[in-house]
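Taking it in order: structure first as structure tokens, then the write-up.
One is the number of the first residue; the rest follow in order along the sequence. Counting convention: from 1, in listed order, for ligands and their atoms alike.
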Amino acid sequence: MEIKVLKDILSANDQIAQKNRALLENKQVFTINIMSSPGAGKTSLILETIRKLKNKVSMGVIEGDISSTIDAEKVKREKVPVLQINTGGECHLEAVMVNRALDNLPLDDIGLLFIENVGNLVCPGEFKLGEDRKVLILSVPEGDDKIYKYPLLFHLADAVVINKIDLLPYTKFDLEGFSLALKGINQKARLFQVSCTTHEGIEDWTDWVLSSMQRRKRTSRKKS
Ligand code: MG
Ligand code: ZN
């Protein structure tokens with residue numbers, strides 16, 4: 001019985017995610033769903049990306065948090081349209097929440113939209129939002145063993161960003177072992193190593209964002 005209820009919720013979510021997808025494609029908005037545990041650096045990576053790309057592409061952000069507008073205020077200071085979703089207890093974003101947020105964003109003026117999911121390594125993976133890409137951030141202090149404990153998100157991600165690499169000398173994080181483990185469960189995921197503090201590796205990441213956007217544009221042109 002409980003399994004059936006869960007299935008119903010998930011398929012209802014997928015239907016709304018498809019609607020979001022259609023709207024975003026129609027408005028030519030490339031959307032990246034950013035996931036990680038709390039404190040891994042989702043907001044920091046979004047801010048770094050905005051600073052790096054603001055002369056090249058118009059961006060927007062949806063901030064998902066259980067409560068508060070702290071992260072949305074940081075984004076607003078960069079003069080980027082931002083909308084805060086407070087889930088009021090839910091530990092992940094659902095497509096219906098994003099649908100409401102999209103109604104309140106100037107989509108005609110946005111080419112690249114970041115959706116910062118609620119900090120959580122488990123259930124955000126179960127809920128499609130209508131995004132083009134799923135990105136997972138793992139920060140060095142969390143340890144390289146998270147891929148074994150929470151494999152679903154690592155399996156689904158189009159890109160995995162290792163953040164806080166400036167802390168590598170002070171931890172036992174095994175980058176080589178992690179990279180092998182990632183290849184084992186997800187052949188397609190791109191792996192980036194960045195530090196939002198020292199800005200190391202940020203350009204590799206933003207190059208991938210731009211090239212993913214361009215690839216999407218080419219395929220949608222082919223279709224029409
Ligand atoms: Mg945040
Ligand atoms: Zn959840």
For N186 and V160, run side-chain contact (heavy atoms from CB on, under 4.5 Å): C-alpha distance rounded to whole Å, both residues' side-chain angles, the deciding distance at 0.1 Å, then the answer. CA-CA 10 Å; N186 185 343; V160 175; 5.8 Å; no
Tell me whether the Mg ion (ligand 1) has E63 as a neighbour, meaning an N, O or S atom of it below 2.8 Å. no
Atom of E116 nearest the Mg ion (ligand 1) (restricted to N/O/S, atom name only): OE2
Between atom OG of S37 and atom NZ of K42, what is the distance when rounded to the nearest 0.5 Å? 7.0 Å
Establish whether L167 and I147 are linked, either directly or via other cluster members, by ILVMFWY side-chain heavy-atom contacts under 4.5 Å. yes
Within rounding of 10°, what is the angle whose vertex is the Mg ion (ligand 1) and whose arms end at OG1 of T43 and OD2 of D71? 90°
Closest to the Zn ion (ligand 2), which N/O/S atom of H92 is it? ND1
Is it the case that atom CD in E200 sees more than 12 heavy atoms from other parts of the structure closer than 6.0 Å? no
SG (C91) to the Zn ion (ligand 2) to SG (C123), nearest 10°, is 110°
Please test K27 against I110 for side-chain contact (heavy atoms from CB on, under 4.5 Å), starting from the C-alpha separation and ending with a verdict. CA-CA 8 Å; K27 298 281 183 186; I110 295 174; over 6 Å; no
